[in-house]
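Reviewing the structure listed below.
Only this structure's heavy atoms are used, side chains among them; waters, hydrogens and symmetry mates stay out.
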Amino acid sequence: MSFPLLTATAALPAIGAVATAAVPAARRNAAKALALLFSLATLALAIVVLVRFDPDGDRYQLTESHAWIKEFGVRYELGVDGIAVALIALTALLIPFIILAGWHDADPLETGNKRWRPTQGFFALILAVEAMVIISFEATDVFLFYIFFEAMLIPMYFLIGGFGDRAHEHGEEAASTQRSYAAVKFLLYNLVGGLIMLAAVIGLYVVAGNFSLTEIAQARANGTLDMATNTERWLFLGFFFAFAVKAPLWPLHTWLPNAMGEATTPVAVLITAVVDKVGTFAMLRFCLQLFPEASKWATPAILVLALISIIYGALLAVGQRDIKRLVAYASISHFGFIIMGIFAMTSQGQSGATLYMVNHGISTAALMLVAGFLISRRGSRLIADYGGVQKVAPVLAGTFLIGGLATLSLPGLAPFVSEFLVLVGTFARYPAIGIIATFGIVLAALYTLVLYQRTMTGPVKPEVSAMPDLRARELVVVAPLIVLLIFLGVYPKPVTDIVNPAVKQTLSDVHKKDPKPEVEAAK
C-alpha cells in the first residue's frame, strides 16, 4: 500500500492540535512553538502533494478509498484535482503566518477581573480548522465532505467568541457581548445552511444509492443515472445554499462583517482567506459535477446575486469607519467576482475564479495582517483615530499600501490577472453582467485609496506619533506575502498550469464550451 499522503496532510495538523492543547498552561510559549512547528510540517507535506500532482494526469490523483459505513455506502474517499491542490497549498502556506501574526493574541489578559485565556487552546483551534479545511478539499465522498464542512464550525465558533479583538471602542464588557453575538450569528447562519445541505445529501443518496462523487458523476455522464429535472434542481439548491452561506454570497453574507470585526486579526484572516474558500471550491466540485443541468438552469439568478455582491459589498466598504469591517465588505465584493467567474461557464471565467481564490487569500491576508499590526499599536479599529502613520512607520505604511493596491487589483499584482480573467470570461457569454461588474473595480479603488489616505497620510496625530514600525516577527509574516503578490502578478503560470486542466474537465461536466468570438480575427 502506498503512503497515504492526503490523509497525512490532513492528520498532521489534527495531531498538532491535540499536542498543542496538551501542553501545560504554564508553558504557553512552548505551545506556540509546537503549533508553529506542526503548521510548517503540514506546509512541507502540502508541497510534496503539489510536487507529486501531475496536471496532465488523471483528474483525481493520490487517491485513497476505504470502506467506512458499509450499510449506507459511505466510504473514506480522498483525491485531489488541480483546484484542490492549489487551495491546499494556499491553506498550508497561510497557517504559519496566521500563527506568527497571532503570537500574542491569546496571552492572558491583565484586566480588573483577571480573566484568563487559554493560549494553548487558541493555537490548537487554528490547527484543528486547518485539518478540517484540508480534508474538505480532499474528500471525494459527499458524506465525508459534509461531516468536515460542518465540523469546522465548532472550532471557528470558539475562536470568534472566546478570543475576540481587544481593540474595542466601548470597552471589554461591550467587546465580550459583541463577540458572543458575532460567534452565535456565524454559527446559526452556517448551521442552517448545513442542515439544508444535509437534507440534500440524504436526497442524493436516495436517488444515487451511494455518496461517491466520482461514481455519481460518472453515472450521470454515461446516462446510467437519470435524475428527474425537479429532483436535480431541488438537490442543487440544497447544496448551493450551504455553499453560498459559507462563501458568502448576498443576501446570506451578513454574518461575515460581524465575525471578522470581532475576531482577532489572524482569525479574521482564517475566516476569509481560508474557511470561506471551501464554499466557492465546493460549488465547482459538487454543484457543477453532480447537478450539471440544474447548474445551468440556476446560472442567470446566481450571476445576478454575484453582481449584487460585487457592487453592494464595495459600496458598503466605501462607507465603513471600522478598518476590519471595511476589509470584510471588500471580501464580499471579491467573492462576488469568484462566484461570477464560476457560473460564467467559460474556461477564462472558471480559471480566473480559481486563481482569484488563491490570490484573494494572499492579498487579503497581507492587507488584514498589516491592518492588525496597526490596530494593535493604536488600540483602535476606527479609521478616524489614525493619520500620518507613514511619517512615523514607513515600512508599515508601505506594506499596507501594497496590500491595498492588491485588493483593488492593480496591474502587476496577483489579483489583477484573476479579476481580468473573470471579467473576460463573463463578458464572453454575459456582456451586460461583465460591464456592470467593472464598476466594482472603480469602487475598490475608492475605498482602498480613501482608507490609505485617512490612515497613513496627512498630519501626524499625537496618538500615533510614537508608533513603532514593523518588528522582525511582523516582517517575517508580511514580506513573503508581498513577494508572492508581486511574483504571481508578473508570472501566474505556475498556478494556471495546475488549475486549467481541472477547469476544462469541470466545463465538460456541464457540457459547456467557450463561445466563439462574434468577429473573427483578421488573417
Side-chain angles (χ1 to χ4, degrees), residues 55 81-87 89-90 247 273 277 280-281 283-285 288 295 299 302-303 306-307 309-311 313-314 330-331 333-364 405-445 484-510 512-518 521:
D81 60 4
I83 300 170
V85 166
L87 293 175
L90 172 70
K277 298 300 186 299
T280 48
F281 163 80
M283 291 178 189
L284 279 164
R285 171 165 282 192
L288 270 59
S295 297
T299 286
I302 294 171
L303 288 176
L307 184 60
S309 288
I310 292 169
I311 305 300
S331 290
S333 181
H334 296 149
F335 274 103
F337 276 108
I338 294 171
I339 295 170
M340 186 176 75
I342 292 171
F343 285 90
M345 301 293 184
T346 60
S347 58
Q348 299 100 326
Q350 291 189 354
S351 178
T354 305
L355 187 60
Y356 212 142
M357 292 186 222
V358 175
N359 292 338
H360 172 265
I362 299 170
S363 62
T364 299
L405 293 176
T407 298
L408 64 83
S409 299
L410 183 77
L413 296 176
F416 169 76
V417 181
S418 45
E419 196 164 284
F420 178 78
L421 285 172
V422 166
L423 289 171
V424 168
T426 304
F427 187 83
R429 200 180 294 278
Y430 304 98
I433 296 288
I435 291 170
I436 298 172
T438 57
F439 285 100
I441 302 174
V442 178
L443 293 171
L484 274 174
L485 286 175
I486 297 171
F487 175 77
L488 293 178
V490 176
Y491 190 64
K493 191 173 183 293
V495 180
T496 55
D497 283 350
I498 292 173
V499 304
N500 281 346
V503 165
K504 290 179 182 178
Q505 290 168 327
T506 303
L507 271 180
S508 176
D509 290 334
V510 292
K512 281 283 190 178
K513 295 181 179 180
D514 289 332
K516 295 181 179 180
E518 294 183 6

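Nearest heavy-atom pair across V358 and A86 is CG2-CB, 4.1 Å. The two residues L90 and A273 come nearest to each other via the heavy atoms CD2-O, 3.8 Å.
A 6.0 Å sphere centred on CZ of F416 holds more than 12 heavy atoms belonging to other residues, nucleotides or ligands.
Under the 4.5 Å side-chain criterion, counting only non-hydrogen atoms from C-beta, I338 is not in contact with V422. Side chains of L507 and S347 form a contact here, defined as non-hydrogen atoms less than 4.5 Å apart.
Without hydrogens or angle criteria, T354 side chain to Q350 main chain gives a donor-acceptor distance under 3.5 Å. Side chain of T346 to backbone of G425: a donor-acceptor contact under 3.5 angstrom is found. At distances below 3.5 Å, not a single donor-acceptor pair connects side-chain atoms of H360 with backbone N or O atoms of K277. Looking only at distances, a side-chain donor or acceptor of S418 sits under 3.5 Å from a matching main-chain atom of P415. Of the possible donor and acceptor atoms, none in the side chain of T426 sits under 3.5 Å from a partner among the backbone N and O of L423.
Separation of atoms CD1 (I436) and CG (L303) is listed at 11.5 Å; rounding is to 0.5 Å.
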### Task
I would like to know whether L355 and V499 meet side-chain contact (heavy atoms from CB on, under 4.5 Å); could you show each step before the answer?
CA-CA 8 Å; L355 187 60; V499 304; 5.6 Å; no

### Query
Can you list the steps and then say if F343 with M283 is a side-chain contact (heavy atoms from CB on, under 4.5 Å)?
CA-CA 9 Å; F343 285 90; M283 291 178 189; 4.0 Å; yes

### Residue pair E419, N359: steps toward the side-chain contact (heavy atoms from CB on, under 4.5 Å) verdict
CA-CA 10 Å; E419 196 164 284; N359 292 338; over 6 Å; no

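When each of L413, L488, L485, L408 is tested with S363 by the rule side chain to side chain contact (heavy atoms under 4.5 Å, CB included), just one qualifies, namely L485.
Taking the six-membered ring where the residue is Trp, Y356 and F337 present parallel rings, their angle staying beneath 30° rather than reaching 60°.
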